[in-house]
Structures are given as structure tokens and as C-alpha cells.
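Chain letters run A, B, ... following the sequence lines, proteins first, then strands; residues in each count from 1. In this text, all values refer to a predicted model and were calculated from it rather than measured experimentally.
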Number of protein chains: 2
Amino acid sequence: MNKKRSPIDLGALQGEETVTGSGRDEAIYRNLYAAIVENHLEPGTKLPEDTLAEAFAVSRTSIRKVLQRLAYERLVDIRLNRGATVAQPTVKEARDIFAARRIVECGAIAQVVARATPAKLDELRDIVRREQEAEARGDRRESIFLSGEFHVALIRLSGNDTISDILAGLVSRSSLVIATYGSPMSGSCRHTEHHDVLDLIAAGDAEGAREWTERHLREVERSVVLLEENPAAPDLRRILDDVAQRQRRQR
Amino acid sequence: MNKKRSPIDLGALQGEETVTGSGRDEAIYRNLYAAIVENHLEPGTKLPEDTLAEAFAVSRTSIRKVLQRLAYERLVDIRLNRGATVAQPTVKEARDIFAARRIVECGAIAQVVARATPAKLDELRDIVRREQEAEARGDRRESIFLSGEFHVALIRLSGNDTISDILAGLVSRSSLVIATYGSPMSGSCRHTEHHDVLDLIAAGDAEGAREWTERHLREVERSVVLLEENPAAPDLRRILDDVAQRQRRQR
DNA sequence: TAGAGTCAGTTTGTACACAAAACAATATTT
DNA sequence: AAATATTGTTTTGTGTACAAACTGACTCTA
């Protein structure tokens, strides 16, 4: 028997009574996205439409739209008549994703060096600071998340939204890869400091920044080894509640 | 009054009575995708759900899913309560897309050189041949389409599906850019021959292939985008031109 | 006991209906 | 006559119902 639980709070913003229109789908999307990318939902977890619909207090129609979108982004896997599950990247996919990141990030870094301003670089330093704090307190989840944020924010300085969006997709899929294959210890970008590349950029050293990026990404890939894990069926509903609460706190 | 027309034939395959399941959505998607990318539907064209639903003899539900997918690929634009239209890339988007293609194609070409086989190169030569044929007979639509096919098929030789899929998306958006800003004459890849790069690859000249790709993409971009320079209201300008031309023809 | 078949329960796919928003055209007011 | 208000039509957004497909357990048979 499924106990009835009160729906997840999506957080009506700006004094609206209830979240409505596209804002609601967006909120649901963000919640699920965060749950997957921040590794609260293990790869392979089933995502039944009814459960999600009840959890967010909407009809299956809205849920389907969100799942469809996540499927396009390759974060969930939808099979005919079989529903959606959190995607499990294969080893080849994992390699392809990292190779793609090397191409994209190394290719865009020259523009970043050309267009970076001290103010923008300070924003990046702030991300690094928070990343180090999370790491210091042992919050591996947050530290992985902020590491991804750093890479995307860095490339966004290139001013090319198209390439930045592409990278954002690759980074979120990287999180899934780390979730499936990541070794318990390393995982994130601990070996080399993100600070270093900021100094290279500040110095206007485009080629140095490119080399750093290449080396850095190879190290990250190498630290994610091929370990297999078997997930037990988790309490989907409880996890979603937790993530939603976290989201609410962040506003 | 709308005349009732018989539905579009989706082509039931392998002796099935009617196309069903995900195959039907896929078929509808392909039809719409081709219509947009091959420039049968002008950028800005409205795509009302009812019309499409009737045309393909399905309910709006299926149409919505397809439009959603096309929106994710940035080929159509969906605005709240306002429906879907064929996307109209801005000038900045156009530049970003070509810059992204330079990064992706130049970044992946080394792997292509490393992994290309004579058989695969022959397949590419076949595409070039068909492209030249289309061009010779003045079929601009087909020649643009095959030009895009060539670029994607080339990079697919790298063996990296992730980067190939990304490029496929960029190439289809390029077609939209050509449709919105393309000059009547040039447009496609006529200046330099695609054959050249195949010879470089066959010779194992990775750096030469990279330089060719860079140069080639810059030429394509130059032949397309730089004609229109007002980012304020490009569509208004186009419409006014059309109206003026129509007026002139009516006299 | 292993295997095939059947049947109920669950989950997804698709159509449809109704509500809400945008649009267009006419009416109203100054 | 211009600007605004109003009303009717069209189009989109969302929930719900029903059909089809899958899942898993149970039974029957060899």
C-alpha cells in the first residue's frame, strides 16, 4: 500500500498563489534534473509517471513532457511501453563524452582568454572557493556539482551561447558517468586546481590555458575508472522530497 | 473554410497495416524535420497543432511531442500560449553556430584521419558525386542538403557518436541559417570542393585536413551571414522587401 | 520439477474534452 | 476619427479516460 503524502512544494515565486503555466513544468524539470545530476537518483532507477505525477501534484501530461525533455538531454532513457529510467551511460559513451569535452573546451578556451575580464574571473574564483569549501567539509556531491558549474561558467565567458549550451549538456552527462563509474574516492577535479587555469587566463596565455584544459580533462577521465555497482530500489519519493527541500533552501 | 484533404502518407513499412507505436511519431518527426531543414517551410512559418494533427491524421498529443522535440533541437520556436513557429536564428546565433562548427569539426578531424578506411572514404566520395550532380542540374535544395550530409558523415568516421550527434544538430541549424540569411546565389559549399579534404585524409595529412576544414567553414560562413547586418528587426526588413517585390510584380 | 500458458494487475500510449489565453473584429466613447 | 473596450473566434494548455502493452504470479501439464 502506498501511503498518501503531501505534494512536493515547487515554491511559488513572486507572491503568486500557485505556480502555473510553463513555470510549473520548469520547476518540475529543475527538481528532477538536480536529482539526477547531483546523483540523488542512481542510474537505472525507474521513474514511473504516476509516482512523479502524484509527487508533484500534477497530471501525467506534465510529467511526460519533462521526462521527454530529459530524454532528449540523454539524462533519462525512455523505452517504448516501458517507461523512463535514469540513464546509464555505457563505457563507450563515457569515453565519447570526455573526448567531446576535450574538443569543445579546448576549442573554446582561446575565445575565453580573449574576452575574459577581471570581474568575470572573480566570479569564477568564487565558484572555486565554494568548491574548495565543499571539499573541505567532505561534501562530495556539492563539490562535484560545483566543479561542473566551473567548467560551464568558464566556457560561457567565450560569449558563444551555442557552444556553452552544448558543454552544459556534456557536463551534466559527465555527472551521470561519474555516478555510474566513479571511484569512491577521487571522482571530481581534485588533483589539479581550477585556480591554475584562471591565473593562465588572467595572464593572457591562451596556449597555456589550452594545454591545461587538455591535461585536466584527461586526468578527470582517468580518475573515473570502470567499477560496477548494483543499486537497490531506493525510495524515490523520499529522495525527491529531500531534493525539493534543498532547492527551496537555495532560493 | 478549410478544405478536407486526405492525410499525409507516412509509409507503413514491412507490410504493417498501419504505422503505430513510436514508429509513427518518428515518421511525423522526420517529415517535419525534412520540411524545415530542406527549406520547404520558411523560417517564421506558424505550425498550428490542429493543422498538423489533421494533416498526419493523429491527435494533437502526438504532434505536441514532435514539436517539443524540434524545439529542443532549436528548429522550431515554442512560446507560451502562442504555439510553434519555424525558428528564425538571429545573426548572433548564426555566428555562434558556425564558430561551434569550426570548434567541433576541426577538433574531431584528427580522429577521422586516424580511423578513415578506403571503403568509408568511397562512401563519402559518393555523397560528393551526388552533390555535384544536384548542383549541375541546378537543384539547390538537394545540393545544400547533401553538403550538410557530407559534413556529418565525415565526422562520423571519427567513431565518436556524441560529437557526431552534436554536429548533426549544428548542421541542421545551419540549414535554417542559410534559409533565413542565405544569398540567392552562393549559399552552399560551392567555392571549395569537398573532394579536396578526402584526398588530404587519404594521404593521412591530419594538420592539412584541419586547416582545410577551418578555411572551408569560414568561407561558407562568409558566403551566408554577413549580408544582413541589422540585428534589430531582420524579419521586418525581409517582409518589407517581399511586399515591395510583390507590388512591383503586380504592375 | 521445469516449462509453457493464462490471467490479473500495473504502467504506458493516445485520443478527447474542457478551461484559459491570445487574437481579431466590431462597437463604444471622447 | 482615434483610441479604447468588448465580444466572439481561434488556438493552446492541462486533466482525464480508455485502450494496448508489459509484468509477474499462478496453474496445469509432461
Would you mind telling me which of B:V171, B:L217, B:L167 makes a side-chain contact (heavy atoms from CB on, under 4.5 Å) with B:V104?
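So, applying the side-chain contact (heavy atoms from CB on, under 4.5 Å) to B:V104 and each of B:V171, B:L217, B:L167, only B:L167 qualifies.
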Can you check whether B:S62 has a side-chain N or O nearer than 4.0 Å to OP1 or OP2 of C:dA15?
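Indeed, a polar side-chain atom of B:S62 lies that close.
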OP1 or OP2 of C:dT14 less than 4.0 angstrom from a side-chain nitrogen or oxygen of B:T61, does that happen here?
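So the side chain of B:T61 is outside the cut-off, no N or O lying under 4.0 Å from OP1 or OP2 of C:dT14.
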Going by the rule salt bridge (Lys or Arg N to Asp or Glu O under 4.0 Å), which residues pair with [X] if we only count those two or more places apart in sequence or in a different chain?
X      : value
B:E142 : none
B:E73  : B:R69
A:D139 : A:R137

Protein-to-nucleotide contact annotation, 5' to 3' order, nucleotides 5-12 of chain C [B base; S sugar-phosphate only; - none; under 4.0 Å, heavy atom]:
-------B
Between P of C:dG13 and CD1 of A:I63, the distance in whole Å
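It works out to 14 Å between those atoms.
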Using atom CZ of A:R24 as one end and atom C1' of C:dA20 as the other, report the distance to the nearest whole Å.
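Result: 13 Å.
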Show me the side-chain donor-acceptor pairs of residues 157-165 of chain A shorter than 3.5 Å, one per line, residues at least two apart or across chains.
residue : atom : partner : partner atom : Å
A:S158  : OG   : A:I155  : O            : 2.7
A:S158  : OG   : A:N160  : N            : 3.2
A:N160  : OD1  : A:T162  : N            : 3.0
A:N160  : OD1  : A:I163  : N            : 3.0
A:N160  : ND2  : B:D96   : O            : 3.2
A:S164  : OG   : A:N160  : O            : 2.7
A:D165  : OD1  : A:R156  : NH2          : 3.1
A:D165  : OD2  : B:R74   : NH2          : 2.7

According to side-chain hydrogen bond (donor to acceptor under 3.5 Å, both in side chains), who are the partners of A:R173, at least two apart in sequence or on a separate chain?
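Testing A:R173 for side-chain hydrogen bond (donor to acceptor under 3.5 Å, both in side chains), a comparison that skips the adjacent residues, returns A:E93.
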Among residues at least two apart in sequence or on other chains, which ones pass side-chain hydrogen bond (donor to acceptor under 3.5 Å, both in side chains) with B:R30?
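Per chain and number, B:R30 pairs via side-chain hydrogen bond (donor to acceptor under 3.5 Å, both in side chains) with B:E26.
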Terminal axis angle for the helix from C:dT1-D:dA30 to C:dT30-D:dA1, five pairs an end, nearest 10 degrees:
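Comparing the axis at each end, I get an angle of 0°.
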For residues 72-94 of chain A, which residue pairs pass the ring pair (Phe, Tyr, Trp, His ring centres under 6.0 Å) check, not counting sequence neighbours?
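Matches after skipping sequence neighbours: A:Y72-B:Y72.
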